[in-house]
Amino acid sequence: MTSDYMRIDVLGVGEAFDPNLENSSVVVTADGYRLLIDCGATVAGQLMGKFPDPDAIDAIYFTHMHPDHIFGLVPVMLNWRDDGRSKPLQILCSPQLRTHLEKLMELGFTGLGSAWPFEISWHSIAETETIGPFECKFARSDHSVQNHAILLRFANKGFAYSGDGNVTADTAALFTGADLVFQETYLPKHDPQHAAHCDLETVMQLASDMPGARFWLYHIKRDARAEMAKIIQANEQVRMAVPGEVIEIR
């Protein structure tokens with residue numbers, strides 16, 4: 001049975017070092033196909049609790065190479081191996097990031113066997129326009145390392161996930177194809193010391209320019225969450241993402 005909507009399971013919404021919130025990560029589902037976006041150091045337990053079947057996740061997309069976005073990969077893969085995963089795993093990322101992920105997987109698997117027991121299929125974002133049932137596009141943000149936001153389209157609906165980094169003309173254009181945008185929003189106002197992250201003032205301007213889209217904020221600096229929540233408390237278009245929530249884009 002086919003579906004005509006996208007489901008977003010929010011695993012984590014925290015910034016890199018938040019002691020109370022897991023690293024930012026979501027699972028996007030359409031037509032029974034599940035794409036995990038980012039898998040940071042504190043994500044594995046949430047993923048295993050929500051999706052215990054080792055074959056539940058079809059593919060993973062990584063926005064960039066920082067630990068709070070990639071360091072959960074090996075624990076998740078080892079859990080899948082031990083639980084008997086048989087389904088091939090598709091990994092989608094930039095060519096540069098693939099090199100780092102392969103090193104990470106080699107280090108993490110040391111002493112535990114000679115090879116992964118399930119097939120791994122790599123997909124370069126430069127050569128990928130679809131994955132599973134999704135049409136996908138990418139755009140580079142302004143971050144301290146290469147970070148690519150992703151737009152997923154299915155059944156005439158769109159979901160965008162920014163990864164880290166400030167908004168660029170390219171990511172803003174990408175977001176015009178989305179009904180819902182998950183945007184990394186580190187601080188309430190722009191701070192030159194954190195210029196490689198987005199801020200609420202920028203998001204509010206984006207929302208004003210895109211009245212048909214909703215903006216869910218995540219990766220918020222842990223001591224800025226209360227201030228940001230107060231600023232947007234009456235805003236129906238912009239709000240903070242909640243860990244564990246399920247969103248349907250119909």
Ile150-Val10 co-clustered via ILVMFWY side chain contacts under 4.5 Å: yes
Working note: Cys136 + Thr128, criterion side-chain contact (heavy atoms from CB on, under 4.5 Å); need CA distance, chi angles, decisive distance, verdict. CA-CA 7 Å; Cys136 47; Thr128 302; 3.9 Å; yes
Heavy-atom side-chain contact between Met6 and Val28 under 4.5 Å: yes
Consider only side-chain N and O atoms of Asp142 and Thr168, and report whether a donor and an acceptor are under 3.5 Å apart. no
Any residue meeting side chain to side chain contact (heavy atoms under 4.5 Å, CB included) with Thr185, in chain and number order, not counting sequence neighbours: Gln183, Leu200, Val203, Leu217, Met228
Does the side chain of Ser162 pick up a donor-acceptor pair with the side chain of Tyr218 at under 3.5 Å? yes
Can you label the angle between the Tyr61 ring and the Phe138 ring as parallel, tilted or perpendicular, going by 30° and 60°? tilted
Can you confirm whether the side chains of Asn23 and Thr42 place a donor and an acceptor under 3.5 Å from each other? yes
In the single-linkage hydrophobic clustering (I, L, V, M, F, W, Y; side-chain heavy atoms under 4.5 Å), do Val26 and Val181 co-cluster? no
Apply salt bridge (charged side-chain N to carboxylate O under 4.0 Å, His left out) to Lys50 and list each qualifying residue two or more places apart in sequence or on a separate chain. Asp9
Using modelled atom types and a 3.5 Å cut-off, is there a donor and acceptor pairing between side-chain atoms of Arg222 and backbone atoms of Asp18? no
Can you tell which of Gln96, His100, Glu102 makes a side chain to side chain donor-acceptor pair (under 3.5 Å) with Arg98? Glu102
Do Arg140 and Asp170 meet the salt-bridge criterion of a basic N to acidic O distance under 4.0 Å? no
Assigning hydrophobic clusters by single linkage (Ile, Leu, Val, Met, Phe, Trp, Tyr; side-chain heavy-atom cutoff under 4.5 Å), is Trp116 placed with Ile60? yes
Looking at Asp223 and Lys221, is any side-chain nitrogen of the basic one under 4.0 Å from a carboxylate oxygen of the acidic one? yes
Is it true that Gln146 and His64 share a donor-acceptor pair across their side chains at a distance under 3.5 Å? no
Taking side chain as C-beta onward, heavy atoms only, is Ile120 less than 4.5 Å from Met105? yes
If you group Ile, Leu, Val, Met, Phe, Trp and Tyr by side-chain heavy-atom gaps below 4.5 Å, do Ile37 and Ile57 land in one group? no
pair Ile220-Glu15: side-chain heavy atoms closer than 4.5 Å: no
Mutual orientation of the aromatic rings belonging to His219 and His197 [parallel < 30°, tilted 30-60°, perpendicular > 60°]: parallel
Is any side-chain heavy atom of Val27 less than 4.5 Å from a side-chain heavy atom of Leu35? no
Check each of Glu184, Lys189, His190 against Asp199 using the side chain to side chain contact (heavy atoms under 4.5 Å, CB included) test, and report the only one that passes. His190
The test is side-chain contact (heavy atoms from CB on, under 4.5 Å); show your working for Phe109 and Val74 and say whether it passes. CA-CA 8 Å; Phe109 204 48; Val74 170; 6.0 Å; no
Go through it in stages, so that I can follow the logic: the residues are Phe175 and Met210, the test is side-chain contact (heavy atoms from CB on, under 4.5 Å), and I'd like the CA-CA distance, side-chain angles, deciding distance and then a yes or no. CA-CA 9 Å; Phe175 296 160; Met210 298 172 54; 3.8 Å; yes
Side chains of Thr63 and Asp164: closer than 4.5 Å at any heavy-atom pair? no
Applying side-chain contact (heavy atoms from CB on, under 4.5 Å), run through Cys93 and Trp122 and close with a yes or a no. CA-CA 8 Å; Cys93 61; Trp122 295 92; 4.0 Å; yes
Side chains of Phe159 and Asp179: closer than 4.5 Å at any heavy-atom pair? no
Distance-only check: which donor-acceptor pairs under 3.5 Å involve side-chain atoms of residues 241-250, not counting sequence neighbours?
from	atom 1	to	atom 2	distance (Å)
Glu245	OE1	Arg239	NH2	2.6
Glu245	OE2	Val242	N	2.8
Glu248	OE1	Arg250	NE	2.9
Glu248	OE1	Arg250	NH2	2.9

Quick check: does any side chain N or O of Ser124 sit under 3.5 Å from a backbone N or O of Ala126, one acting as donor and the other as acceptor? yes
Donor-acceptor contact below 3.5 Å, side chain Thr29 vs main chain Gly32: no
Side chains of Leu47 and Trp80, heavy atoms from C-beta outward: is any pair under 4.5 Å? yes
Determine whether Tyr161 and Leu21 fall in the same hydrophobic cluster, where Ile, Leu, Val, Met, Phe, Trp and Tyr are linked whenever their side-chain heavy atoms lie under 4.5 Å apart. yes
Is it the case that the side chains of Asp55 and Ser86 hold a donor-acceptor pair, with the cut-off being a distance below 3.5 Å and no angle test? yes
Less than 4.5 Å apart, any side-chain heavy atom of Phe154 and any of Asp31? yes
